[in-house]
Structures are given as structure tokens and as C-alpha cells.
Amino acid sequence: MSEQVRVRFAPSPTGYIHVGSLRTALFNYLFARHNNGKFILRIEDTDQSRYVDGAVENLIKSLNILGIEYDEGPDKKGDYGPYFQSQRLDIYKKHAMELIEKDMAYYAFETPEELEEMKRLAHLEGRVTAYDRRARNLTHEEIQKYLNENKPYVIRLKVPLGEEIKFNDLVKGTIKINTDHIDDQVLLKSDGFPTYHLANVVDDHLMGITHIIRGEEWITSVPKHVILYNAFNWEVPEMAHVPLLLNPDKTKLSKRQGDVAVEDYLQKGYLVEALNNFMALLGWNPGEGETSEIFSMNELIEKFSLSHVQVHGAVFNIEKLNWMNNEYIKSYDLDKLLDLSIPFFERDGFDTSDKSFLKKVLSTIRVYLNKLDEIGDQARLFFQNEIKIESADSVSLLQNENTKIVFEQIIIKLQGLKDINTDDFKQVMKDVSNETGIKGKDLFKPLRIALTGSESGPELPMLVNVYGSEKTIKFLRDALKV
RNA sequence: GGUCCAUUCGACUAGGGGUUAGGUCGUCACUCUUUCACAGUGAAAACACGGGUUCGAAUCCCGUAUGGACCGCCA
């Protein structure tokens with residue numbers, strides 16, 4: 001491969017990015033970077049009825065957040081623009097006409113209603129619901145007449161019948177299909193816009209795309225595209241159809257069964273590093289001998305190869321994403337994690353003015369977090385000014401004579417300390433234990449209840465370190481009054 | 001219904017003629033931590049089925065079953 005690798009991500013701007021699309025974008029990006037090639041973003045906005053305001057901006061924003069950088073695109077200049085298909089209409093029209101001249105395409109004048117009826121009948125009779133190619137029989141005179149009457153028309157692909165189309169997919173291998181099974185696809189719609197099939201072939205060629213990496217759902221349209229490439233006398237790019245992302249029930253990942261928008265995951269506090277890492281491993285793996293699954297973007301770029309892309313779909317397993325996210329949260333730079341966490345503290349109504357306090361809180365709870373939106377639940381404890389003791393067992397434990405002796409001792413020792421770190425507290429506990437002879441469960445359990453109201457939670461020394469001696473003493477005194 | 005594609009532990013997957021079929025998540029047990037979690041150790045857990053080819057098949061071939069994608073003037 002001497003020519004420079006050029007790949008593209010070509011979403012249609014319909015509102016939000018589906019994680020499946022995002023994974024496709026990621027694969028394109030990894031492939032481009034691995035091969036020192038170019039990654040192009042092209043907006044496939046040829047369906048006017050699906051236009052959504054702000055969708056393109058949103059798309060670009062999401063790619064930026066995730067660090068999937070493209071070299072050419074709507075807001076990046078390149079030599080192959082414009083990168084909005086809606087701004088390339090004359091190009092498609094010209095190419096459609098070229099096909100008419102070559103007798104590889106033809107005019108068709110059926111109305112949507114007629115097509116609907118055709119399909120209904122076909123379905124009723126158990127036939128294939130494809131277009132019956134009837135307009136192929138129109139005479140030049142008829143066509144000219146309709147055109148003169150300004151009758152709405154589409155341009156359809158004239159599929160060469162009785163041939164075999166063969167192509168090689170880098171993921172799936174060789175695929176063969178008889179052209180008799182291929183629909184005379186609409187190439188140019190009656191509103192003058194191209195369909196995906198025409199636009200994608202024309203643009204991929206004109207933009208010098210060397211490798212088409214896209215979702216598996218496209219594989220059945222490849223033969224149409226191959227016919228187009230042949231008709232134009234263009235070289236067919238390399239193709240790689242990557243497996244779909246699946247719901248737990250193995251159907252195509254859909255909204256009905258959970259979140260599909262990248263924004264949803266970002267909002268829940270999944271870190272972009274975890275998201276990228278996780279998605280890369282869905283349908284791809286680094287191959288033999290690799291036991292780790294945690295990879296930075298650079299490592300992914302270095303390791304990525306289409307030859308290790310899986311041939312079948314992959315279930316989007318949220319449990320594993322949670323685990324991976326927690327791994328990143330645990331090892332993340334604390335200051336950076338704090339920056340990312342502040343919106344989540346705020347969202348749950350916590351005072352975020354004292355950053356060093358938040359940092360202490362974060363460092364003790366991060367180990368418990370699968371995602372950042374769990375911060376509130378875990379952090380709540382540290383913002384309380386009173387501990388509520390619910391269970392009767394806990395109350396009676398606090399009323400125990402030994403408990404009182406221990407608490408009083410601890411209070412005395414803490415009063416001598418201005419601030420208290422984890423080691424200080426461990427020492428205090430050791431001393432108290434030695435002096436009173438109370439140890440083990442009798443020592444720690446009441447203490448935990450007094451300081452948290454619960455029998456489980458973060459390690460006591462870390463807890464006290466965040467509380468500080470003053471607050472700790474207060475809680476102990478409160479407990480003494482129970 | 002038609003076309004195309006797929007099938008290794010519950011999930012993601014490695015391996016691809018001779019392996020005790022390996023790893024990660026999850027599950028369970030034990031250890032550590034006098035809690036939960038973390039960490040550590042270990043366990044249970046898979047080649048869809050039937051025929052070939054072969055000395056030998058999870059691996060190659062054929063069929064069956066199951067699953068999926070697509071079948072729009074959507075992308």
C-alpha cells in the first residue's frame with residue numbers, strides 16, 4: 001500500500017451519536033492513525049425530512065470530547081470539500097446524468113403511492129418487494145414527454161442482470177451475490193438529492209477514500225456500490241464491515257433496551273478514556289498473548305488492526321464497562337478527576353467551595369465509584385452534620401458501657417490533636433485499645449456506627465481524616481448521649 | 001418470505017489439524033482488611049448439532065439448527 005490511507009466517518013446528523021456509530025468512528029480513527037493516514041468527517045445530510053437543528057454541532061462536540069480527531073471535515077479545511085453532502089448536489093446530479101448516458105441508470109416516474117401499491121401486491125403474492133424495473137421499458141419518446149410535462153422523476157440504477165458480483169471484505173472475506181437479487185436502487189430522488197448509495201460512492205471516490213470502514217448493516221448494499229464503481233470505471237476502495245453492537249438479547253443495539261447515545265454515557269459519568277477503551281474492545285482485540293484489557297488511546301492506535309476485527313456482533317455489556325470505568329476512576333490523576341467530578345457534586349446540591357475538602361472526599365470514595373453520577377450517594381456522609389442511628393441493635397451497642405469508655409478516651413486524645421491524618425488515628429486507636437483492654441469488634445463496630453450510622457463504609461482512618469478531629473469529636477459526643 | 005452473514009464459558013474474546021482449549025468482566029469460595037469495597041489466591045463455566053476428509057478435527061468441507069443484518073425517493 002504505497003498510497004496514503006484515507007478513511008472517513010460519514011454519519012447523518014439526526015440528533016445524537018449512537019454508540020455504535022461512535023465505535024465505527026473510533027475504528028476509523030485508530031486505523032487512520034495507525035497507518036499515518038487521514039481521517040475525514042463527512043456529513044451525510046441528504047435526507048431533508050430528517051434534518052435536525054444543531055445535530056452537526058452536537059456531533060462535532062461529541063467527537064471532540066472523546067478525542068476522536070479528524071483531519072478534514074466541516075470545520076477543518078481540506079482539499080476535498082465541501083464536506084456536507086447537501087452542498088454537493090450538482091456533483092451528484094452530474095454523475096447521475098453520466099450514468100443515464102452510459103445506460104447504467106434510467107428515469108422512473110412512479111409516484112410514492114404507486115410504489116406503495118406495488119410493494120403491497122408483491123407482499124401479498126409472496127414475491128420479493130423490490131421495484132419491478134418497469135420503467136426500464138419506457139421509450140425515449142415517453143421519457144421525453146414526461147420530462148417535458150415536468151413530471152416528477154427519480155433516477156434508478158440499471159442493475160446488469162444475470163451477473164455475479166464478487167467483492168472482498170477485509171473482515172468478512174469474499175462475498176458473492178447474483179445481480180438478479182439486486183434492486184434497481186433509486187440514485188437521485190425527486191427532490192434532486194442523491195440517495196446514500198450514489199452520494200457515498202461518488203464522494204468516497206472523489207475524496208480519495210482508500211478504505212471504507214463502516215457498520216455491518218451496510219454489507220448488503222455493497223453490490224450496488226460495486227456496480228456503480230464499475231459503471232464509473234472507478235477503483236473499488238478496500239472495505240471492512242465491522243460487527244454490530246448488540247442488546248443483551250442479541251438484537252441490534254437499540255434505545256428500547258438502554259442508553260444508546262454517547263451523551264447519555266457522558267452524563268452518567270463514564271470517563272472518555274474508559275468509553276474509548278471499552279468500545280475498542282467490542283468487536284476488536286489485540287490478539288494472542290495479551291492479557292491486559294486496559295489501553296490508552298495511544299496503545300490502541302499502536303495495536304489496532306483490521307485483521308483482528310471480529311466477524312460477528314458484540315453484546316454491549318454494561319457490567320464490564322462499569323468495571324473498566326472504575327479502573328480508570330481509581331487510577332486517574334486526582335486533580336483531574338476532581339475537575340470532572342465537580343459538576344456531579346453540584347448536580348446533587350453539595351457545596352463545592354472547599355476544593356481541598358472535596359479532594360479528600362473524592363480520594364476516599366473513588367474506589368467505590370463505577371461512574372461519577374454515584375458521587376452523591378457516596379459523598380453524602382461527609383456533608384452530614386448529624387449522624388442518624390436507625391437500628392435498635394446499633395443503639396444498644398452505643399449504650400454499652402465499654403463503648404462509652406472507649407469514646408471518652410478517644411475524645412480526650414483527639415482533643416490534643418489539631419488536625420488528624422490516617423496514621424494519627426491508627427495510633428490513637430492502638431493506644432486506646434492498650435489502655436482500656438477493649439479491642440476488635442468491640443472497639444471498631446460502635447465507632448463506625450457513631451461516625452457513619454451504618455455498619456459499612458470507608459475505612460475508619462480515612463473517614464476520620466476527612467471529618468477532621470472537631471467533627472469526629474462532635475459525632476462521638478452525640479453518640480454518648482444516645 | 002428472499003438475499004447475505006455468523007455460531008468457543010452467562011458476556012467480551014485468544015487459539016485455528018495433535019493445547020490440561022488461554023485471558024478479561026460477571027458469579028462463587030478462601031485470604032487480607034476486625035465492616036463494605038479494593039487487593040490477592042482459587043473454583044465452577046464454552047468449541048451449536050449431524051455427517052464427511054484425516055492416523056488425528058474446536059480448527060478443513062457439506063448439511064441441519066439457531067441467531068442476526070438488510071430487503072425505503074432513510075442513512
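Below, read A as the first sequence line, B as the second, and so on, with proteins coming before strands; counting in each chain starts at 1.
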Answer yes or no: is there a side-chain heavy-atom contact under 4.5 Å between A:Ile43 and A:Gln85?
no
Residue matched to B:rA21 through Watson-Crick or wobble contacts both under 3.5 angstrom
none
Rounded interatomic separation in angstrom, taking CE from A:Met462 and P from B:rU34:
14 Å
May I ask you to verify if any side-chain N or O of A:Ser49 is less than 4.0 angstrom from the OP1 or OP2 atom of B:rC73?
no
Please work out if A:Ser221 contacts a base, only the sugar-phosphate, or nothing of the nucleic acid, heavy-atom cut-off 4.0 Å.
nothing
Describe the nucleic acid contact of A:Pro243 in one word from base, sugar-phosphate, nothing, applying a heavy-atom distance below 4.0 Å.
nothing
Could you tell me how far B:rC70 sits from B:rU54 if I compare only their C1' atoms? Round to whole Å.
39 Å
Is the phosphate of B:rC74 approached by A:Thr46 (side-chain N or O, under 4.0 Å from OP1 or OP2)?
no
Quick check on side-chain contact (heavy atoms from CB on, under 4.5 Å): which of A:Leu282, A:Leu246, A:Val260 does A:Phe316 satisfy it with?
A:Leu282
If you find the nucleotide of RNA chain B closest to A:Glu110 and the one closest to A:Glu455, which residue's nucleotide is nearer the 5' end?
A:Glu455
Does A:Arg42 make a cation-pi contact with A:Phe84 (under 6.0 Å, within 45 degrees of the axis)?
no
Using atom P of each nucleotide, how far apart are B:rG16 and B:rU7 to the nearest Å?
15 Å
What's the closest nucleotide to the A:Thr195 side chain, out of B:rG23, B:rC25, B:rA75?
B:rA75
Regarding A:Val154, tell me which of base, sugar-phosphate or nothing describes its non-hydrogen contacts under 4.0 Å with the strands shown.
base
Contact class for A:Thr251 (heavy atom, under 4.0 Å): base, sugar-phosphate, or nothing?
sugar-phosphate
How are the rings of A:Tyr270 and A:Tyr265 set to each other: parallel, tilted or perpendicular (split at 30° and 60°)?
tilted
Choosing from B:rC74, B:rC25, B:rA69, which nucleotide comes nearest the side chain of A:Trp323?
B:rC25
Determine whether a donor-acceptor pair (one donor, one acceptor, N or O, separation below 3.5 Å) exists between the side chain of A:Lys445 and the base of B:rU34.
no
Between P on B:rC73 and CG on A:Asp184, what's the gap in Å once rounded to a whole number?
12 Å
Checking ring pair (Phe, Tyr, Trp, His ring centres under 6.0 Å) between A:Trp284 and each of A:Phe304, A:Phe27, A:Phe278, which is the one that passes?
A:Phe304
Applying the side-chain contact (heavy atoms from CB on, under 4.5 Å) criterion to A:Arg366, which one of A:Leu338, A:Ile375, A:Ile329, A:Val361 satisfies it?
A:Ile329
In whole Å, what is the span from the CD atom of A:Gln185 to the C1' atom of B:rC74?
10 Å
Distance check, P atoms only: B:rC47 and B:rU8, in whole angstrom units.
10 Å
Base, sugar-phosphate, or nothing for A:Ser12, non-hydrogen atoms under 4.0 angstrom?
sugar-phosphate
Can the ring centres of A:Phe31 and A:His211 be said to be less than 6.0 Å apart?
yes
Can you tell me the Watson-Crick or wobble partner of B:rC4, both distances under 3.5 angstrom?
B:rG68
Need one value for A:Glu44: base, sugar-phosphate or nothing, where a base atom within 4.0 Å counts as base even if backbone is also close, heavy atoms only.
sugar-phosphate
Is it the case that B:rC36 (base atoms only) and A:Tyr368 (side chain only) share a donor and an acceptor within less than 3.5 Å, ignoring hydrogens and angles?
yes
Does a side-chain heavy-atom distance below 4.5 Å link A:Arg8 with A:Ile212?
yes
Side-chain N,O (A:Lys330) to OP1/OP2 (B:rA39) below 4.0 Å
yes
Describe the nucleic acid contact of A:Ala314 in one word from base, sugar-phosphate, nothing, applying a heavy-atom distance below 4.0 Å.
sugar-phosphate
Which is more 5' along RNA chain B, the nucleotide nearest A:Lys320 or the one nearest A:Glu327? Just name the residue.
A:Lys320
Give one of base, sugar-phosphate or nothing for A:Pro446, where a contact means two heavy atoms less than 4.0 Å apart.
nothing
Under 4.0 angstrom, heavy atoms only, what part of the nucleic acid is A:Leu115 near: base, sugar-phosphate, or nothing?
base
With rounding to the closest Å, how many angstrom separate the C1' atoms on B:rG26 and B:rU13?
14 Å
Checking N1-N3 plus N6-O4 or O6-N4 for Watson-Crick, or N1-O2 and O6-N3 for wobble, each under 3.5 Å, the partner of B:rU34 is none
Touch class at under 4.0 angstrom, heavy-atom based, for A:Gln378 against every strand present
nothing
Atom-to-atom span, OH of A:Tyr196 to P of B:rC71 - whole angstrom
12 Å
B:rU41 -> Watson-Crick or G-U wobble partner, both distances under 3.5 Å, gives B:rA29
Please give, in whole Å, the distance from B:rC73 C1' to A:Glu114 CD?
13 Å
Complementary nucleotide of B:rU59, counting Watson-Crick and G-U pairs under 3.5 Å
none
Between B:rA11 and B:rG52, how far apart are the C1' atoms? Round to whole Å, please.
34 Å
If I pick the P atom on B:rU27 and the same atom on B:rU34, what distance separates them, to the nearest angstrom?
24 Å
Pick base, sugar-phosphate or nothing for A:Gly215, based on heavy-atom distances below 4.0 Å to the nucleic acid.
nothing
I want to know whether A:Tyr467 and A:Phe475 have ring centres closer than 6.0 Å.
yes
What is the nucleic acid contact for A:Ser190, judged by heavy atoms within less than 4.0 Å: base, sugar-phosphate only, or nothing?
base
Thinking salt bridges, do A:Glu117 and A:Arg120 make one under a 4.0 Å N-O criterion?
yes
Counting side-chain heavy atoms from C-beta on, which of B:rC12, B:rA75, B:rG68 comes nearest to A:Leu244?
B:rG68
Is B:rA14 paired to anything, Watson-Crick or G-U wobble with both distances less than 3.5 Å, and if yes, which nucleotide?
none
Report yes if at least one side-chain N or O of A:Arg156 is closer than 4.0 Å to OP1 or OP2 of B:rC73; otherwise report no.
yes
I'd like a table of atom pairs between the protein and nucleotides 2-8 of chain B - only N or O on both sides, under 3.5 Å - with the distance next to each one.
{"residue": "B:rC5", "atom": "O2'", "partner": "A:Lys172", "partner atom": "NZ", "Å": "2.6"}

Start with the C-alpha distance between A:Ile155 and A:Met97, add both sets of side-chain angles, then the distance that settles side-chain contact (heavy atoms from CB on, under 4.5 Å), and finish with yes or no.
CA-CA 9 Å; A:Ile155 291 176; A:Met97 287 308 152; 3.8 Å; yes
Side-chain donor/acceptor of A:Glu293 to base of B:rG23, under 3.5 Å:
yes
Tell me whether the side-chain N/O atoms of A:Asn317 come closer than 4.0 Å to OP1 or OP2 in B:rC25.
no
Which part of the nucleic acid, if any, lies within contact of A:His308, taking any heavy atom under 4.0 Å across all strands shown: a base, the sugar-phosphate backbone alone, or nothing?
sugar-phosphate
Nucleotide B:rG72, atom P - distance to CG of A:Leu188 in whole Å:
19 Å
Check this for me, if you would: do A:Asp431 and A:Lys413 make a salt bridge, where the nitrogen-to-carboxylate-oxygen distance has to be below 4.0 angstrom?
no
Can you tell me how far C1' of B:rU66 sits from CG of A:Asp249, to the nearest Å?
15 Å
Separation between the P atoms of B:rA21 and B:rC25, rounded to whole Å
22 Å
Considering only atom P, compute the distance from B:rG18 to B:rA57 and round it to an integer number of Å.
11 Å
